[in-house]
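Data first, discussion second: the structure below is written as structure tokens.
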Amino acid sequence: METAKKLKNHDFVKVYIAHLMRSGKIEIELLHPWTNPLLLTSPFICSLFSTPSLSKNDPNALLSLYNNLPDDLLHHDPLPLLYLMPCLFSHNKFRDAKSLLSSFIASDHPKHSLHHYLTHKHIDFPGKQPSKALLDTSIGAYVNCNLPHLGLQVFKRMKKLRYLPNLLTCNTLINALIKHPSLHSIRQAGEVFNDMLTMGVKPNVNTFNLLIYGCCLESKFHEAVKMVESMESYECLPDNVTYNTLLDGLCKKGRLNEARDLLLDMKNKGLKPNRNTYNILVCGYCNMGWLKDAAKVMELMTQNNLLPDIWTYNMLLNGLCNEGKIEEGFRLRDEMESLKLLPDICTYNTIINGCFVQGRSDEAFKLIEEISEKGLTPNAITHNIMVKWYSKEGRMDEADRIVRKMEESGFSPDTVSYNSLIDGYCKAGKMGDAYRMMDEMSRKKLKMDVITLNTILHTLCGEKRLDEAYKLLDNAPKQGYLVDEASYGILIMGYCKDEKVDKALKIWDQMKKNGITSSIVPYNTVISGLCHVGKINEAIDKLNELLECGLVPDEITYNTIIHGYCHEGDIEKAFHFHNKMVENSFKPDVYTCNILLRGLCREGMLEKAVKLFYAWRSKGKEIDVVTYNTMISSLCKGGRFEEACDLFSEMQERKIGPDRYTYGAILRVLTDAGRVEEADKLMSELVAKGKMQSDNVRSEDTPLEETDSKSISYSEEIEGLCSQGKYEDAVKIYSEVLKKDLTLRRSTYITLIYGLIKRGRRSTSKGSQL
């Protein structure tokens with residue numbers, strides 16, 4: 001028997017209504033002595049909200065009553081809310097309705113009782129089934145609560161009931177699904193688009209722009225272009241956002257040739273590039289290291305009466321810092337100030353990071369102090385840059401201190417912070433601390449992302465645990481990770497380093513099969529692996545393949561192939577390839593020079609090497625310690641001692657620090673030539689400067705481990721449980737180890753981390769589904 005029918009004749013309902021009609025103000029306290037608060041049950045409230053004489057009047061009275069209900073009715077029972085909704089919708093109180101739905105959804109997680117009422121039949125549901133307005137508004141509420149997958153199921157219910165959804169609702173859901181970090185969400189956004197067409201909802205340009213953005217996120221540029229072409233059939237014309245979205249995707253993947261073609265198409269369609277268009281191109285060129293091209297785009301902006309803004313300058317600044325041109329970066333910052341473009345926190349973060357990367361930490365810390373002097377406040381990114389640097393330097397206590405300082409400054413450490421710490425601990429060999437950080441992430445409800453996954457993949461590959469790394473990568477999509485090209489690239493590199501190129505190519509084919517479009521980095525890894533095992537022709541095939549994909553080879557690509565030819569002793573082909581690539585805008589760098597010099601010297605072509613060295617130097621091009629060492633060593637072997645010593649003196653004059661290799665070569669020259677006194681004098685100087693001693697000390701990457709029987713026993717027990725998939729039991733044993741202050745084997749910590757990353761992500765991915 002239905003509760004609502006039973007309560008229609010309840011005396012309390014009549015008393016309650018009569019009181020409300022007289023007072024005009026509804027609060028629980030005003031019900032005494034007319035009724036007992038204990039009788040304010042869900043059926044009673046539902047009956048009250050469904051009474052026509054109340055629901056037709058001002059809804060503010062009912063809203064007041066609902067907001068004063070006891071917590072168990074307000075946050076755990078969806079029926080009072082559902083009975084209130086028709087009244088709110090009839091008075092156009094859509095904003096209030098959405099706010100109440102969002103509040104209930106947040107408190108109802110993970111039970112999702114409201115969702116069950118919305119997507120299933122219930123006999124006590126008001127009106128027997130949800131209205132179009134309720135379902136439409138609920139979708140927006142689920143999106144607000146970052147639960148678009150639940151909103152999608154409500155959308156499916158609308159389709160089943162043949163309700164016509166609002167276009168804004170469809171676009172909101174598509175946008176949320178595309179931006180949600182889930183394996184299938186972009187595909188589901190496409191399903192919403194197809195469903196809305198079937199239901200008769202006409203898309204607008206914003207709908208297409210969102211879907212094009214989704215295609216770009218998955219590097220499905222061919223599909224994105226097809227979508228642009230199909231817009232006209234729906235009476236939609238591409239706008240600047242359409243082209244900018246596609247341009248941004250292409251530039252981020254280094255596909256600048258296609259970006260140029262698209263820009264031309266944009267102009268042919270009568271669309272003028274706006275500031276955002278130019279900024280995207282500046283960013284793309286800077287990411288590729290093409291700073292002159294980026295500067296030309298900025299000049300073009302000015303010619304088109306679009307002055308570069310702070311974002312433009314920050315992108316150029318980032319490009320300069322990435323190329324190690326810190327001094328030019330400082331000059332650009334000063335230029336910004338002269339143009340009344342005051343550097344912001346992004347400007348400072350970029351230069352600070354650049355200084356850290358280039359080993360200029362003193363300047364980086366001075367800039368951090370300068371931030372507050374300029375009236376700016378360090379943000380979460382500033383702190384994360386410091387955490388990353390300390391972690392990279394192995395100064396984990398300092399990194400941990402910055403994280404605590406970050407919390408004191410009002411910033412919550414995020415996934416980026418923890419990823420830096422995990423990476424630092426892994427590289428320092430402190431696997432127990434890395435595991436502790438991952439466990440802390442889980443407890444703080446921070447989702448381990450693809451960066452976390454890649455860190456563990458990198459650690460496993462470094463330990464040559466390639467089979468485990470492969471298994472982790474293979475299962476990662478099922479566990480909710482959005483695996484990217486870097487994930488595959490790490491494993492490809494691992495197999496290449498282990499000289500298992502066939503296995504690396506198998507991973508490559510799997511990446512292609514899974515629809516993951518490669519950027520230049522994985523291509524470079526495969527080309528390097530093929531060259532390393534002497535498969536230079538296959539490497540050239542990969543070069544041609546990347547060119548056909550619209551990618552632009554970088555210096556690493558060309559240098560790798562040149563090195564491959566030299567490694568095979570085919571110097572003629574190395575120079576032929578070098579010359580051909582120079583014609584195609586390749587700019588040889590110091591690494592190119594060193595590769596060619598080493599190749600010539602190895603093949604006994606010393607005279608040609610000497611000519612190349614002096615020709616390179618005469619053009620004012622960069623020379624480093626490797627260049628000098630290659631020449632000094634080869635001149636020594638060729639018996640040309642005086643020339644070797646002259647180059648050694650030149651190194652010292654130019655302050656291109658001689659290293660142990662240089663000193664060793666010169667000492668051998670002097671000794672072999674019978675110049676013992678000079679050799680002794682040089683040796684004495686080196687010892688006095690600490691050169692010989694400091695270079696002979698090797699730091700261990702891993703700490704000494706306990707080898708007592710208890711530690712070994714616990715390690716074996718934990719590894720055994722993990723191999724059986726009993727990770728929770730393994731964690732319990734690990735807790736005992738902590739209490740007893742024992743140290744586990746390094747391999748045990750890695751096994752625990754391997755288990756945690758699988759279990760932790762699987763639980764979060766399940767939580768996001770119904």
Side-chain angles (χ1 to χ4, degrees), residues 4 42 46 49-50 55 59 62-63 66 75-178 180 182 185 188-204 206-207 210 768-770:
S42 178
C46 292
F49 285 168
S50 61
S55 60
L62 292 183
L63 269 173
Y66 179 80
H75 300 301
H76 304 295
D77 186 350
L79 277 175
L81 176 63
L82 291 172
Y83 273 83
L84 175 63
M85 287 293 116
C87 173
L88 297 179
F89 292 137
S90 65
H91 289 86
N92 294 320
K93 293 274 187 179
F94 292 98
R95 182 176 294 179
D96 289 320
K98 187 176 179 180
S99 177
L100 290 176
L101 286 166
S102 297
S103 178
F104 187 89
I105 289 167
S107 62
D108 192 37
H109 184 77
K111 187 180 176 184
H112 301 311
S113 57
L114 173 63
H115 187 268
H116 197 269
Y117 271 94
L118 294 173
T119 55
H120 296 79
K121 287 184 178 180
H122 286 273
I123 57 172
D124 51 353
F125 197 97
K128 303 303 178 187
Q129 65 184 26
S131 66
K132 172 191 168 182
L134 175 60
L135 295 179
D136 207 87
T137 308
S138 296
I139 292 171
Y142 278 110
V143 167
N144 277 358
C145 296
N146 198 29
L147 296 167
H149 293 83
L150 299 185
L152 174 63
Q153 292 174 26
V154 176
F155 179 82
K156 296 289 185 184
R157 183 76 194 280
M158 288 190 78
K159 181 185 176 185
K160 189 175 181 180
L161 294 173
R162 297 186 178 180
Y163 291 150
L164 188 69
N166 188 295
L167 174 60
L168 179 60
T169 303
C170 295
N171 286 347
T172 301
L173 182 57
I174 288 171
N175 181 52
L177 286 168
I178 286 170
H180 192 67
S182 174
S185 58
Q188 289 167 336
E191 290 176 8
V192 172
F193 176 70
N194 292 330
D195 284 344
M196 62 182 272
L197 294 178
T198 304
M199 296 159 77
V201 180
K202 186 179 177 182
N204 61 9
N206 189 37
T207 316
L210 291 169
S768 67
Q769 299 171 3
L770 191 67

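Note that the structure is a prediction, hence the values are computed from the model and not measured. Residue indices begin at 1 and follow the sequence shown.
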Note to self: Looking at every heavy atom in both Ser102 and Cys145, which two are closest together, and how far apart are they?
What the structure shows: O-SG, 3.4 Å
Next item on the list: Could you go through the side-chain contact (heavy atoms from CB on, under 4.5 Å) check for His115 and Arg157 one step at a time?
Entry: CA-CA 11 Å; His115 187 268; Arg157 183 76 194 280; over 6 Å; no
Item checked: Those residues that, when tested against Asn206, pass side-chain hydrogen bond (donor to acceptor under 3.5 Å, both in side chains) (two or more places apart) -> none
Note to self: Checking the side chain of His91 only, and the main-chain atoms of Cys87 only, is there a donor and an acceptor separated by less than 3.5 Å?
What the structure shows: yes
Note to self: Rounded at 0.5 Å granularity, tell me how far NZ in Lys156 sits from CG in Leu161.
What the structure shows: 14.0 Å
Notebook entry, point to check: Any side-chain heavy atom of Asn144 within less than 4.5 Å of one from Leu101?
Noted result: no
Next item on the list: Using distance alone, with no hydrogens and no angle criterion, decide if Thr207 and Asn204 have a side-chain donor and acceptor under 3.5 Å apart.
Entry: yes
Next item on the list: Would you name the heavy atoms of Ala176 and Val143 that are closest together and state the gap between them?
Entry: CB-CG1, 3.6 Å
Notebook entry, point to check: Which one of Leu177, Thr172, Ile178 satisfies the side chain to side chain contact (heavy atoms under 4.5 Å, CB included) criterion with Ile174?
Noted result: Ile178
Next item on the list: Could you tell me how the ring of His120 sits relative to the ring of His116: parallel (under 30°), tilted (30 to 60°) or perpendicular (over 60°)?
Entry: parallel
Margin query: As a quick check of understanding, evaluate side-chain contact (heavy atoms from CB on, under 4.5 Å) for Thr169 and Met158, giving each step before the final call.
Written below: CA-CA 12 Å; Thr169 303; Met158 288 190 78; 5.7 Å; no
Check: How long is the span from the CG atom in Leu114 to the CG atom in Leu79, to the nearest 0.5 Å?
Finding: 9.5 Å
Margin query: Give me the atom names and distance for the closest heavy-atom approach of Val201 to Pro165.
Written below: CG2-O, 3.6 Å
Next item on the list: Would you confirm whether Asn166, through its side chain, and Asp136, through its main-chain N or O, come within 3.5 Å as a donor-acceptor pair?
Entry: no
Notebook entry, point to check: Any side-chain heavy atom of Phe155 sitting closer than 4.5 Å to one from Glu191?
Noted result: no
Notebook entry, point to check: Does Tyr142 reach the main-chain N or O of Gln153 with its side chain, forming a donor-acceptor pair under 3.5 Å?
Noted result: no
Margin query: Rounded to the nearest 0.5 Å, what separates atom CG in Leu81 from atom CG in Asp108?
Written below: 10.0 Å
Item checked: Ser107 side-chain N/O to Phe104 backbone N/O, donor-acceptor pair under 3.5 Å -> yes
Notebook entry, point to check: Which is it for Leu150 and Ile105 under the side-chain contact (heavy atoms from CB on, under 4.5 Å) test, yes or no, and what are the steps along the way?
Noted result: CA-CA 10 Å; Leu150 299 185; Ile105 289 167; 5.9 Å; no
Margin query: If you compare all heavy atoms of Leu167 against all heavy atoms of Pro203, which two are closest, and at what distance to 0.1 Å?
Written below: CD1-CA, 4.2 Å
Note to self: Checking the side chain of Ser185 only, and the main-chain atoms of His180 only, is there a donor and an acceptor separated by less than 3.5 Å?
What the structure shows: yes
Notebook entry, point to check: What's the spacing between Lys160 NZ and Leu135 CG if we round to 0.5 Å?
Noted result: 12.5 Å
Check: Any side-chain heavy atom of Met85 sitting closer than 4.5 Å to one from Thr137?
Finding: no
Check: Are the side chains of Pro130 and Tyr117 in touch, meaning some heavy atoms are under 4.5 Å apart?
Finding: no
Check: Taking only residues two or more places apart in sequence, or in another chain, which ones meet Tyr163 in a ring-ring contact (aromatic ring centres under 6.0 Å, His included)?
Finding: none
Checklist line | Any donor-acceptor pair under 3.5 Å from Ser103 side chain to Ser99 backbone | finding: no
Next item on the list: Go through Phe89 and Lys132 one step at a time and tell me if the side-chain contact (heavy atoms from CB on, under 4.5 Å) criterion holds.
Entry: CA-CA 10 Å; Phe89 292 137; Lys132 172 191 168 182; over 6 Å; no
Next item on the list: Please report the closest heavy-atom contact between Ala97 and Leu88, naming both atoms and the distance.
Entry: CA-CD1, 4.0 Å
